[in-house]
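Please read the structure below before turning to the comments.
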Amino acid sequence: MPDLPTPTPYSVPEKPTVDGLEAAWTRRWDQDGTYRFDPETTREDVFSIDTPPPTVSGELHIGHVFSYTQGDVVARFWRMRGKNVFYPLGWDDNGVPTERRVENYYGVRCDPSLPFDPHFSAPEQPDDKKKVSIARGNFVELCEELTRVDEEAFKHLFRSLGQSVDWSTEYTTVGRFARGVSQRAFLNMLARDDVYLRVAPTLWDVDFKMAVSQAELEDREQPSAYHRLSFARVGSEGAIEVDTTRPELLASCVAVVAHPEDPRFTDLFGTSVLTPLFGIEVPVVAHELADPDKGTGAAMICTFGDTTDVTWWRELALPTRTLIGRDGRFLPADFTTEEFPSRAPGLAASHYAGLEGRNVKQARAAVVEALRVEGSLLGEPREITHPVKFYEKGERPLEIVASRQWFVRTLEHREELLARGEELNWVPDFMRHRYRTWVEGLNTDWNISRQRYFGVPFPVWYPIDAEGEIDFGSPLLPSLDRLPIDPSSDLPEGYQATQRDRPLGFSADPDIMDTWATSSLSPQIAGRWGTELFERVFPMDLRLQAHEIIRTWLFATVVRSHLEFDSLPFENALISGWILDPNRKKMSKSKGNVVTPLPLIENHGADAVRYWAASGRPGTDTAIDEGQMKIGRRLAIKMLNASKFVLGRLDAGEELNAGDVTLPLDQDLLALLGDLIDEATAAFEKYDYARVLERAESFFWSFCDNYVELAKARAYGEGSEEETRSARATLFLTLSALQRIFAPIQPFVTEEVWSWWHDSSIHLAPWPTRDELGNLRSHPGSIFQPVCEVLEAIRREKSSAKVSQRAEVADLVIAAPQEYADAVSASAADLQAAGNVTLISVVVANELAVSVTLAPA
RNA sequence: GGGCGCUUAGCUCAGUUGGUUAGAGCGCAGCCUUCACACGGCUGAGGUCAGAGGUUCGAGUCCUCUAGCGCCCACCA
């Protein structure tokens with residue numbers, strides 16, 4: 001080998017490493033504003049992404065990195081395609097999880113009746129057993145304080161991961177702008193009659209003392225028991241037997257129901273029966289929802305035991321007998337009144353006496369015992385397990401209580417909302433079924449009132465009449481230019497502060513909005529609804545989220561956009577799967593198998609973690625796999641070393657282009673690279689980032705293992721000037737394209753190697769095209785593959801002879817079909833150099849065959 | 001009860017509109033301290049594609065049924 005002085009043409013480190021790239025490049029990207037969105041733009045040039053504002057509850061979760069990484073990969077691709085990418089990020093900091101965390105972190109509890117204490121400071125040592133009651137204003141301050149800390153930690157995680165977010169667009173859902181957007185959207189809905197205030201039976205969590213919406217429910221399998229009760233008929237002999245799992249609600253029984261065509265009951269409809277213990281006469285009614293196969297075929301309707309009771313109560317216009325209060329305890333009941341018209345008030349009262357103030361569990365035991373004594377409990381309770389509705393964050397079964405809430409009309413828009421779901425492009429497509437079944441299954445309008453403190457208040461006051469009664473029918477509204485307002489401190493127009501909560505004065509709506517009522521406006525918040533920016537980013541190109549929040553966030557966003565703009569909020573929805581623990585079990589705090597992402601990033605590097613995330617296909621549940629991260633790290637290291645080698649072969653400032661690539665082997669490689677680029681581009685456009693990674697990785701390893709080895713001698717300057725130039729140009733072009741193809745997936749290492757020979761960021765470089773490679777096409781006579789096979793045959797021979805790969809091959813005979821023979825001959829020098837072959841000969845044959853004769857050791 | 005998805009090498013998964021001999025990585029085994037890379041490289045073994053039936057010249061791929069696993073939804077007395 002000629003002793004060519006090889007100038008170090010570019011600034012390639014002597015010992016490149018992937019360690020420390022995150023901090024260095026994150027800082028540089030900040031300085032340079034690499035990911036800044038250019039607001040001076042047109043809608044056509046923008047690619048806008050609607051990202052989920054993560055719930056800031058203190059816990060960093062590996063699930064966060066998964067879905068966002070997949071989105072970031074897509075964002076980076078479109079940025080390189082020349083789009084002005086709008087990739088904002090906000091924090092969902094209002095709502096129950098934040099309040100919960102603040103209560104536990106500081107050992108406090110909000111008591112809205114207390115006055116604001118301007119000198120308040122949080123307890124030094126939180127005492128779980130004795131929480132300090134504090135004013136709403138002080139509580140909100142603590143929420144703001146803690147979310148600020150948590151948001152910094154989250155931001156650190158997202159930056160460490162290489163999220164190409166424009167941080168100047170950062171927002172919080174409880175921030176001033178978001179509050180204004182929320183309130184404006186609410187007032188618009190009110191003006192259009194899309195939202196209404198109503199006292200209605202509401203799903204109620206007795207611990208949070210808060211209404212919940214249908215979307216926040218989950219079923220949990222609970223032990224229970226059938227109790228068979230005997231209801232004596234009125235005016236004739238006999239009794240009706242009823243099975244119930246909720247005997248404690250007996251006093252609230254308002255009817256007994258059976259299926260209209262159930263022959264056992266057809267003669268009884270229109271008659272009435274007496275409830276055991278309480279002696280209240282209730283009608284026997286017919287309704288199709290009564291299932292003849294369940295229990296005795298007859299059920300007791302209570303107000304309210306479950307959601308079916310609500311349906312029956314509404315459709316059959318039954319009276320209301322309220323037993324359970326908002327704290328989950330039994331209320332007083334007067335059996336001499338219209339509400340509880342007992343035939344034996346004294347007896348009824350004595351049976352009820354022990355129930356008042358008790359919780360459901362205690363009351364059940366007492367009622368069952370009384371029934372047993374009375375003899376109206378038939379047989380013993382039969383134990384079963386059955387699903388019971390819970391608030392997803394709750395600990396006790398939901399009760400149904402009547403309360404005043406704001407509801408968004410969704411039921412009457414069901415068909416339009418279903419059509420929106422069909423209009424949306426889902427990735428993967430089958431996720432559309434989740435949306436459809438959810439919308440088809442809606443049974444109540446969307447309740448957006450929450451009886452909590454840290455959130456967006458309803459911008460509403462109500463007038464109070466001379467008798468001190470609040471008139472909920474004619475709310476007082478602020479003008480839009482006053483928003484955001486807090487009705488508990490701001491005043492309705494025309495009123496004085498002294499009139500608050502006084503006769504002829506006004507009263508503030510005490511509630512805040514459901515967290516989804518605000519986060520469903522993420523396109524409006526991030527896109528600065530009301531400014532020119534909004535027209536340039538809305539509707540968004542892409543929504544990014546996990547499948548578990550299709551029924552909440554995605555559905556709610558579609559509702560709000562449909563009502564406000566008569567359009568979809570985004571064209572495409574990229575739905576990610578679950579993260580499972582290494583044993584493929586769902587992660588949960590209770591199981592203690594939650595994995596936090598920062599140690600993974602520190603151990604393996606961000607590019608390695610991103611490699612793992614990008615290998616998970618859309619919608620596919622993926623287990624945490626550190627092995628996969630190690631492979632990602634190895635890939636990044638290989639990129640460093642391959643780049644170092646190639647750049648070491650090039651002269652500084654040397655102008656190489658596709659025209660310099662003259663050898664068939666080199667042209668074939670570029671043609672195959674063109675195929676890769678086309679496939680990667682098409683896959684990215686369909687959000688199939690995982691396929692891009694798979695194909696690019698496969699090409700890259702073949703490039704390193706085979707092409708680089710074959711062309712190495714020429715690259716070092718052996719061979720003619722033209723041959724050397726062809727090899728160097730091929731290496732130059734291929735390295736450039738491969739670095740850019742990997743850039744969306746491994747942004748740190750690719751930026752590092754790109755910086756060795758470029759002044760500007762790879763993430764703003766153009767996405768590679770086949771044109772820049774001379775537009776070469778792969779063809780049937782391509783020899784790259786057969787030449788690789790020859791090279792592999794040589795290696796196989798050496799490997800099985802257990803000699804070094806540098807061992808000399810004395811004689812290499814290649815039998816090749818005619819179409820390859822010439823071309824393989826043309827690459828003979830490469831093969832000789834790569835395989836250390838002394839004598840090489842090519843003969844024509846039907847099939848490719850290689851005979852390797854090693855030189856004696 | 002309704003629906004969706006999955007089932008391919010020991011493990012994790014690819015397999016585009018049906019087309020020679022089913023792919024990758026990990027793990028395993030063997031070899032190589034080769035001048036980009038030991039934070040490495042090379043080579044190899046390993047699969048009746050969950051089961052049954054059907055369509056077709058041809059099925060991992062399309063159709064039907066069955067089984068197992070996971071998930072979503074449901075008015076769960």
Side-chain angles (χ1 to χ4, degrees), chain A residues 1 12 15-19 219 221-222 224 226-227 242-246 256-258 287-291 294-302 305-312 384-389 428 430-443 547-548 550-551 577-578 580 582 584 586 605 615-617 619-623 625 627-628 630-631 633-634 636-649 679 682-683 686 688 690-691 694-695 697-698 701 704-705 708-709 712 716 791-792 794-807 834 836:
Chain A
M1 192 182 295
V12 180
K15 199 75 183 153
T17 173
V18 293
D19 295 321
D219 285 347
E221 200 68 30
Q222 295 287 307
S224 183
Y226 278 130
H227 302 74
V242 170
D243 273 339
T244 180
T245 56
R246 302 213 52 186
V256 168
V257 66
H287 195 281
E288 308 215 326
L289 286 183
D291 184 347
K294 278 192 185 130
T296 64
M300 76 177 189
I301 303 175
C302 301
D306 61 29
T307 52
T308 319
D309 282 343
V310 178
T311 306
W312 282 327
I384 57 161
T385 63
H386 67 160
V388 176
K389 290 199 187 309
F430 64 80
M431 286 296 176
R432 69 173 66 249
H433 299 295
R434 299 234 180 157
Y435 175 90
R436 199 189 59 234
T437 51
W438 173 252
V439 177
E440 284 172 348
L442 287 174
N443 54 35
H547 58 60
E548 83 247 29
I550 288 175
R551 72 175 187 174
W578 285 107
L580 308 174
R584 297 201 67 74
K586 194 177 150 184
S615 66
R617 283 170 153 74
T620 305
D621 295 348
T622 303
D625 185 350
Q628 193 71 1
K630 288 183 180 142
I631 310 306
R633 183 181 172 88
R634 199 182 61 167
I637 291 168
K638 192 77 172 175
M639 178 61 79
L640 290 174
N641 287 311
S643 298
K644 179 185 166 198
F645 168 75
V646 170
L647 295 179
R649 305 281 66 74
E679 189 180 6
K686 289 189 294 183
D688 196 353
R691 173 181 293 269
E694 183 193 327
R695 296 304 162 96
E697 191 181 13
S698 164
W701 283 100
C704 292
D705 293 348
V708 168
E709 292 305 321
K712 190 177 266 182
Y716 269 107
L791 185 61
E792 281 159 17
I794 295 170
R795 287 179 184 145
R796 198 158 33 237
E797 191 61 32
K798 290 178 181 176
S799 187
S800 63
K802 305 196 175 189
V803 298
S804 159
Q805 290 295 329
R806 287 304 303 162
N836 193 16

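Letters A, B, ... mirror the listed sequences (proteins, then strands); counts begin at 1.
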ask   = Using a cut-off of 4.0 Å on non-hydrogen atoms, how would the nucleic acid contact of A:Val388 be classed: base, sugar-phosphate, or nothing?
value = nothing
query = Rounded to the nearest 0.5 Å, how far apart are CD of A:Glu221 and CD1 of A:Ile384?
reply = 9.0 Å
key: A:Met431 CE to B:rG3 P, straight-line distance once rounded to whole Å   = 18 Å
ask   = Which part of the nucleic acid, if any, lies within contact of A:Cys302, taking any heavy atom under 4.0 Å across all strands shown: a base, the sugar-phosphate backbone alone, or nothing?
value = nothing
message = Roughly how many Å apart are B:rC69 and B:rG25, using the P atom of each and rounding to a whole number?
response = 33 Å
remark   = Closest of B:rU34, B:rA14, B:rU16 to the A:Glu679 side chain is B:rU16
ask   = Whole-Å distance between B:rC75 C1' and A:Lys294 NZ?
value = 7 Å
query = Hey, does the side chain of A:Thr622 reach the backbone of A:Thr620 with a donor-acceptor pair shorter than 3.5 angstrom?
reply = yes
query = Is it true that A:Lys712 and A:Glu709 have a side-chain N and a carboxylate O under 4.0 angstrom from each other?
reply = yes
message = Tell me whether the NZ or CZ atom of A:Arg649 lies within the 45° cone about the ring axis of A:Phe645 and under 6.0 Å from its centre.
response = yes
request  = Between B:rG54 and B:rA59, how far apart are the C1' atoms? Round to whole Å, please.
outcome  = 11 Å
inquiry  = OP1 or OP2 of B:rC4 versus the side-chain N and O atoms of A:Arg436: is any pair under 4.0 Å?
reply    = no
inquiry  = For a quick check of understanding: with a heavy-atom distance under 4.0 Å over all strands, which category does A:Ala290 fall into, base, sugar-phosphate or nothing?
reply    = base
ask   = Can you find a side chain N or O atom of A:Arg796 that sits less than 4.0 Å from OP1 or OP2 on B:rG44?
value = yes
request  = Heavy atoms under 4.0 Å is the rule here; annotate nucleotides 20-30 of chain B 5' to 3' with B where the base is hit, S where only the sugar-phosphate is, and - elsewhere.
outcome  = -----SS---B
task = Pick the C1' atom in B:rG3 and in B:rA74, then give their distance to the nearest Å.
result = 10 Å
task = Return the minimal non-hydrogen interatomic distance between A:Thr296 and A:Val242, and the atom names on each side.
result = OG1-CA, 3.7 Å
note = Of the candidates B:rC42, B:rC37, B:rC75, the side chain of A:Asn641 sits closest to B:rC37
message = Once you apply a heavy-atom cut-off of 4.0 Å, does A:Glu221 come out as touching a base, just sugar-phosphate, or nothing?
response = nothing
Write out a two-atom table: protein N or O, nucleotide N or O from nucleotides 70-74 of chain B, distance below 3.5 Å.
from: B:rC71; atom 1: O2'; to: A:Arg434; atom 2: NH2; distance (Å): 2.8
from: B:rC73; atom 1: OP1; to: A:Arg551; atom 2: NE; distance (Å): 3.3
from: B:rC73; atom 1: OP1; to: A:Arg551; atom 2: NH1; distance (Å): 2.7
from: B:rA74; atom 1: OP1; to: A:Gln214; atom 2: NE2; distance (Å): 3.2

inquiry  = Roughly how many Å apart are B:rG1 and B:rC11, using the P atom of each and rounding to a whole number?
reply    = 32 Å
inquiry  = If you count heavy atoms of other groups shown closer than 6.0 angstrom to CD of A:Glu288, is the number above 12?
reply    = no
task = Please measure how far the C1' atom in B:rG60 lies from the corresponding atom in B:rA14, and state the result in whole Å.
result = 12 Å
query = If you look at every strand shown and take non-hydrogen atoms under 4.0 Å, does A:Lys630 touch a base, only sugar-phosphate, or nothing?
reply = nothing
Whole-angstrom distance between B:rU55 and B:rC63, as gauged at atom P = 15 Å
message = Check this for me, if you would: do A:Arg617 and A:Glu694 make a salt bridge, where the nitrogen-to-carboxylate-oxygen distance has to be below 4.0 angstrom?
response = yes
message = Pick the closest RNA chain B nucleotide for A:Met300 and for A:Asp19 by heavy atoms, then say which residue is nearer the 5' end.
response = A:Asp19
task = In whole angstrom, give me the gap between the P atoms of B:rA24 and B:rA9.
result = 14 Å
request  = From the options B:rC39, B:rU43, B:rA77, select the nucleotide whose nearest atom is closest to the side chain of A:Arg633.
outcome  = B:rC39
request  = Using only side-chain N and O atoms of A:Lys798, determine if any of them is under 4.0 Å from OP1 or OP2 of B:rG41.
outcome  = no
inquiry  = Applying a 4.0 Å non-hydrogen cut-off, can you work out what A:Arg617 is touching in the nucleic acid: base, sugar-phosphate, or nothing?
reply    = sugar-phosphate
task = Can you tell me, in whole Å, how much space there is between the C1' of B:rG30 and that of B:rG46?
result = 15 Å
query = Between B:rC39, B:rU34, B:rU12, which nucleotide has the shortest distance from any of its atoms to the side chain of A:Asp625?
reply = B:rU12
inquiry  = Among B:rU16, B:rG40, B:rC42, which nucleotide has an atom closest to any side-chain atom of A:Lys638?
reply    = B:rG40
